[in-house]
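Everything quoted here is computed from the prediction, not taken from an experiment. Computed over heavy atoms, backbone and side chain alike; hydrogens, waters and symmetry mates excluded.
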Amino acid sequence: MELSARARIRAGDPVAFGDLFDEHARVVYRYAVRVCGDWATAEDVVSLTFLEAWRVRERIRLEGESLRPWLLGIATNVLRNAARSARRHEAAMGRLPVREVVPDFSEELVGRLADAEELAAARVALGRLRKAEREVFTLCVWAGLNYAEAAEALGIAEGTVRSRLSRARARLRRLTAAEREPAFGGGQLIGDDREPAVGARQERHS
């Protein structure tokens, strides 16, 4: 009897695991770059995600369909750790003397500026959500998981996913509405930036 792909990966079959990487690495990368906003970091997240997946492969259930929710759950944990490391790094760098910044004029950077600005704006808007709501939003809206798959990825109940996503959408709508209201004594918008509106557009287009 031929073993299923899940059984082969769980048993440590390198060919089956390579197929898993080929099928899902790009999905993990797109998810990571949207969450962290940095292409290089996203590449590290992909590597760490699949290293961890190999390490814990024996935890894979033999029943089921796509392993994408399982992988994105691992990626979410990797991103959490990366965010904590980034905060510690920023705190350490903040204690160093200010150095002159040398601009990078490479063609690759210039070609990515517009996309980077849009991505940064969307991340600022999502940054105003609670972490639990933000993770559900990025998995469902950006990574395209359904409620059941997001629940599997995060290890929570499907109903919890639904309620958190509903709260996330409602909060983003409130932020957008508040920003469109005129401030007292002038025609400027309430708030110090326009990112929530960008975040809302990102939600509608996803």
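From Glu52, atom CD reaches atom CG of Asn77 across 8.0 Å, with rounding to the nearest 0.5 Å. From Phe17, atom CZ reaches atom CG of Asp22 across 11.0 Å, with rounding to the nearest 0.5 Å. Separating the CG atom in Leu139 from the CZ atom in Arg164 is a distance of 11.0 Å, to the nearest 0.5 Å. Distance check: Arg134 CZ to Thr76 OG1 gives 11.5 Å after rounding to the nearest 0.5 Å. To the nearest 0.5 Å, atom CG of residue Leu48 and atom CZ of residue Arg55 are 11.5 Å apart. Once rounded to the nearest 0.5 Å, the distance linking CH2 of Trp70 with CZ of Arg61 reads 11.0 Å.
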Walk me through it: do Arg34 and Thr138 pass the test side-chain contact (heavy atoms from CB on, under 4.5 Å)?
CA-CA 8 Å; Arg34 280 180 153 181; Thr138 54; over 6 Å; no

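Contact check for Val56 versus Ile74: side-chain heavy atoms found under the 4.5 Å cut-off. Annotation: side chain of Val45 is not in contact with side chain of Tyr31 (no heavy-atom distance under 4.5 Å). Residues Ile9 and Leu67 have side chains in contact (heavy-atom distance under 4.5 Å, counting atoms from C-beta outward). Put simply, the side chain of Leu20 does not reach to within 4.5 Å of the side chain of Trp54, judged on heavy atoms. Within the 4.5 Å cutoff, side-chain heavy atoms of Val141 are placed close to those of Leu165. Between Asp38 and Val33 the shortest side-chain heavy-atom distance does not fall below 4.5 Å.
In this structure, Arg6 contributes its side chain and Glu65 its backbone to a donor-acceptor pair below 3.5 Å. With Arg10 contributing its side chain and Glu58 its backbone, the two residues share a donor-acceptor pair below 3.5 Å.
A salt bridge links Glu135 and Arg80; the closest N-O separation between the charged side-chain nitrogens and carboxylate oxygens is under 4.0 Å.
Val28 and Ala75 make their closest contact through CG1-CB, 4.1 Å (heavy atoms, listed as atom of the first residue, atom of the second, distance). Listed here is the closest heavy atom pair of Ala42 and Cys36: N-SG, 3.9 Å. Pairing each heavy atom of Leu71 with each of Ala53, the nearest pair is CD2-CB, 3.8 Å. Closest heavy-atom contact between His24 and Phe50: C-CZ, 4.2 Å. Of all the heavy atoms in Ala11 and Arg57, the pair that sits closest is C-NE, 4.4 Å.
Applying the salt bridge (charged side-chain N to carboxylate O under 4.0 Å, His left out) definition to pairs two or more places apart or across chains, those involving residues 139-151 are Arg68-Glu149.
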